[in-house]
Amino acid sequence: MTRHLAGRRTAGPFSPAPGSRPAVLAGLGNGIVISAPLPAGIAAGNPQAAAWATLGAYLAAFTNKGGARGPRTRGLLVAAVVDAAVFWIGARAAGLFPVTLAVLAALVFLAGMGTAVHPTLERLGTMPATALLVAAGAVGTTQTPAQLRPAALLVLAGGLWYAVVTAVLTPAPRVRDVLHTLAQPYRAVGRTLSVLADPQGPRAVPAPTADALRRAEEATRALRGPQGDEHLAGLTDPLVRKAATLADLTAALAATGPPPTAVATPYTTATTRAAQQLARLADDLTRRRPVTADDNAPENFTAPLEAACDRMRAESAAGTRSYADTARAGRQRRLLGRIDAVLTAARTDAHRLTQLARTPLPPPAGRVPRPTAARLRGTMTLSSATFRHALRATTVSTAVFALTQATAVPHGEWATLAVLRVLRPQYAVTRERVVQRVVGNLVGGSCAALLIAAVHTQAAISLILFVIITAGFTLRPVNYAFWVIFGTPVVLLIGDVSHPGDWHDALVRIAMTFLGTAAALLGSRLLWPSWEHPRLAAETDHARRATAAYLDTALRSLARPDPDGDLAPVRAAAEKAVARAQSTAHHAHREPGHDRAALDREAATVAALDRLVALIAALMTHRTARAAHVPALDLYTGHAAPALDPPPGEDPAVHTDALAQAVEEMSLHLEDLHTRRRRELATEHAGDTAVRVRIRETAPVIELLATIADTLPEPGDRL
């Protein structure tokens with residue numbers, strides 16, 4: 001898991017966003033709806049009107065935050081009206097620089113404050129400011145103020161078109177929408193098993209299974225509410241629980257390590273088949289395809305592995321094979337068998353649900369309450385990250401706009417637009433978007449220059465725009481950089497529909513992007529910055545305490561099995577705390593002005609805590625009555641959590657030494673069991689003897705406890 005964390009940190013700014021695959025289809029629909037006015041305008045002989053209508057739909061599309069159809073449609077209608085009104089103001093205020101600057105400052109500040117002022121502002125974002133800048137930039141280049149004012153009606157018509165068509169094409173919420181979310185943890189576990197199928201591959205979880213599980217739980221939680229459907233909840237909850245069980249069993253399988261050489265081939269085959277079955281189940285849920293009888297037919301893909309384990313046991317009896325390897329292979333076989341059993345039950349649950357895919361869902365919860373005046377006053381202080389970001393965005397964007405207007409730079413509004421697109425509350429996120437914006441503009445601007453120079457027919461340009469907008473909105477959920485690559489030609493070619501373009505505009509666009517992104521990066525660093533690295537130590541300590549609480553609760557549950565005990569709250573708290581610390585560490589590594597070595601130590605601690613959470617979950621899959629009788633378990637339980645999170649004034653070495661003593665006693669006990677088992681095999685006691693049962697039920701517990709003890713991070717220094 002440590003390797004996985006490092007991989008995520010260095011994956012680069014162009015890796016797909018988690019959970020973006022489902023949004024691709026929605027993006028495809030968005031692109032088609034937005035670009036539809038273009039061919040209609042060409043057919044009607046008015047490409048200029050089509051370009052303005054497309055702009056209105058384009059602006060409205062960026063305010064589409066999803067959600068229930070009713071509230072979303074109302075929000076899109078409000079956005080269409082606001083964008084058109086601001087566009088009209090921009091046209092009216094052309095030539096009145098102080099007015100335009102004041103309106104821009106107000107719009108950017110309100111967008112930065114967002115829900116702290118009103119939920120609608122969160123939806124509108126910086127699109128009203130974008131409409132203002134587009135109108136201001138069009139005056140004096142391609143249009144006069146008198147020509148632009150009627151264009152506001154076309155912008156309004158485009159926004160209304162997008163809102164109405166989106167409402168018509170959006171189906172009423174049904175169970176199939178929940179099924180899609182339920183499929184994601186199964187898909188994530190399947191990817192994990194695909195990695196584990198390689199005996200030489202990393203023994204780490206390569207997919208955000210915990211995040212997918214949380215989203216699945218949230219998707220089904222509403223069904224338990226006052227307006228929910230108890231019958232549907234009774235069908236969805238077991239599917240979520242089985243996904244969680246499969247994730248834990250997979251973590252336990254990863255903790256066993258690579259398979260012994262003698263069973264590597266059947267192990268790979270069985271694990272690959274399990275991964276394929278999980279992927280098929282996820283596809284059945286995602287594609288609304290009913291599960292067939294063949295899908296539910298039992299398939300014992302562990303049979304070759306069972307035969308290989310039997311051969312290893314015979315070799316152990318002959319003294320040519322270590323019984324520890326034999327026991328490990330048997331443990332992997334049993335875990336795969338349990339995965340198969342849970343997967344079979346999950347397919348049955350999925351079959352019931354897919355038959356109900358068209359069942360309407362209950363109405364969504366009520367509106368989010370508006371912020372109170374007291375909360376708003378509390379936010380309007382420099383101690384608030386939201387307020388600082390709003391001030392920062394307003395200052396940088398207005399300064400860049402004033403600079404470009406004072407120097408009469410052609411298309412100077414593009415520099416301000418670049419500021420609005422890349423400036424984010426965290427410096428690290430701003431820096432990442434700067435890279436994406438610059439590279440995307442270099443690629444997209446170069447392509448746009450070639451298109452403008454080579455294509456001069458309005459119909460051809462409209463067709464190209466249709467393709468580019470559709471592709472851009474399709475790939476937008478995957479990564480922002482992909483959107484910039486397609487978005488840059490959109491901005492340049494929309495103007496080229498009604499007026500012959502100049503390929504030099506693409507170079508100006510690239511230059512303005514450099515100016516705007518440089519200003520955004522400088523402002524993010526110098527103006528009321530919100531640094532992450534000073535918070536990393538506190539976030540790591542919080543994650544350490546939450547993980548220690550989870551470890552302590554799990555060990556006490558292991559020592560005294562309680563069938564009614566619920567580890568879910570402490571586990572969720574630990575996972576949430578570790579995820580927050582991981583995000584902070586990810587951002588902190590991209591910030592200047594910190595002790596790199598200390599930051600690396602904190603990041604290593606967070607990675608160890610991430611692995612600990614998975615190991616503890618794996619440990620709980622082996623919770624049995626016999627596991628409670630592991631020697632020195634009480635000693636281990638009493639010192640494990642304090643070794644991870646020492647109480648104030650206590651020496652961590654005391655707890656670490658006691659933990660090592662407990663692990664040594666457990667290891668000697670396990671070695672003695674292996675010796676006794678070899679003697680039994682030598683005397684042809686190959687049945688299910690008491691010694692074999694004890695090894696089967698206590699060996700995985702002892703080995704996991706030893707791994708947990710080795711994984712515990714030392715307190716270390718603080719930033």
Side-chain angles (χ1 to χ4, degrees), residues 1 178 181-189 192 205 207-226 228 230 232-255 335 338-339 341-343 345-346 349 353 542-583 609-625 627-628 637 640-641 644-645 700-701 704-705 708:
M1 191 164 295
V178 177
T181 306
L182 293 179
Q184 302 315 309
Y186 287 95
R187 197 179 303 281
V189 175
T192 303
V205 179
T209 309
D211 293 340
L213 281 170
R214 298 293 84 77
R215 289 192 294 268
E217 290 172 355
E218 292 171 2
T220 60
R221 189 174 298 128
L223 299 177
R224 291 286 185 191
E230 197 69 25
L232 290 177
L235 295 176
T236 57
D237 284 350
L239 203 57
V240 175
R241 288 197 297 270
K242 289 181 176 64
T245 301
L246 286 168
D248 290 347
L249 290 172
T250 303
L253 183 64
L335 286 170
R338 292 172 65 184
I339 288 173
V342 176
L343 181 54
D349 293 339
L353 274 172
H542 177 60
R544 185 190 290 270
R545 289 192 297 272
T547 306
Y550 178 33
L551 176 60
D552 185 63
T553 305
L555 289 174
R556 296 187 187 282
S557 174
L558 184 66
R560 289 176 290 278
D562 180 7
D564 298 326
D566 187 8
L567 294 174
V570 288
R571 176 178 179 174
E575 290 175 342
K576 183 178 179 180
V578 171
R580 189 164 54 242
Q582 285 177 320
S583 177
L609 294 175
D610 187 27
R611 176 161 172 74
L612 272 176
V613 171
L615 288 172
I616 298 168
L619 178 66
M620 290 298 96
T621 64
H622 300 290
R623 183 171 51 174
T624 63
T637 302
L644 175 59
D645 182 34
V701 173
L704 277 169
L705 290 176
I708 288 172

Response to the item:
Residues I339 and T250: closest non-hydrogen pair is CD1-OG1, 4.2 Å

Item to complete: Could you go through the side chain to side chain contact (heavy atoms under 4.5 Å, CB included) check for R241 and D349 one step at a time?
Response: CA-CA 11 Å; R241 288 197 297 270; D349 293 339; over 6 Å; no

Worksheet item: Is a salt bridge present between D552 and R556, judged by a nitrogen-to-oxygen distance below 4.0 Å?
Response: yes

Worksheet item: If every non-hydrogen atom of L704 is compared with every non-hydrogen atom of H622, which pair is closest and at what distance?
Response: CD1-CD2, 3.6 Å

Item to complete: Could you walk me through whether T220 and L239 pass the side chain to side chain contact (heavy atoms under 4.5 Å, CB included) test, one step at a time?
Response: CA-CA 10 Å; T220 60; L239 203 57; over 6 Å; no

Worksheet item: How many angstroms lie between CG in L555 and CG in L619, if you round to the nearest 0.5 Å?
Response: 6.5 Å

Item to complete: For L558 and T637, run side chain to side chain contact (heavy atoms under 4.5 Å, CB included): C-alpha distance rounded to whole Å, both residues' side-chain angles, the deciding distance at 0.1 Å, then the answer.
Response: CA-CA 9 Å; L558 184 66; T637 302; over 6 Å; no

Practice prompt. For the pair L249 and V189, evaluate side chain to side chain contact (heavy atoms under 4.5 Å, CB included) and give the outcome as yes or no after the intermediate values.
Written response: CA-CA 10 Å; L249 290 172; V189 175; over 6 Å; no

Worksheet item: Does T553 use its side chain to pair, donor to acceptor, with the backbone of A549 at less than 3.5 Å?
Response: yes

Worksheet item: For A219 and T181, which heavy atoms make the closest approach, and how far apart are they?
Response: CB-CG2, 3.9 Å

Response to the item:
On a heavy-atom basis, the closest approach of M620 and A554 is CE-O, 3.4 Å

Worksheet item: Where do A243 and Y186 come nearest, in terms of heavy atoms and distance?
Response: N-OH, 3.4 Å

Worksheet entry | Closest non-hydrogen atom pair between A543 and A581, with its separation | CB-CB, 4.1 Å

Worksheet entry | N/O donor-acceptor pair under 3.5 Å between R215 side chain and Q184 backbone | no

Practice prompt. Would you give the length of the straight line joining atom OG1 of T547 to atom CG of D610, rounded to the nearest 0.5 angstrom?
Written response: 9.0 Å

Practice prompt. Test R544 against every option in V578, L609, L612 by the side-chain contact (heavy atoms from CB on, under 4.5 Å) rule and name the one that passes.
Written response: L609

Discussion item. Tell me every residue that passes side chain to side chain donor-acceptor pair (under 3.5 Å) with E575, counting only those two or more places apart in sequence or in another chain.
Written reply: R214, R571

Practice prompt. Report the distance from atom CD of E217 to atom OG1 of T236, rounding to the nearest 0.5 Å.
Written response: 11.0 Å

Discussion item. What's the separation between atom CG in L705 and atom CG in L615, rounded to the nearest 0.5 Å?
Written reply: 10.5 Å

Worksheet item: With L551, which of V613, V570, I616 fulfils side-chain contact (heavy atoms from CB on, under 4.5 Å)?
Response: I616

Discussion item. Quick check against the 3.5 Å criterion: does T621 have a side-chain atom that pairs as donor or acceptor with the backbone of A617?
Written reply: no

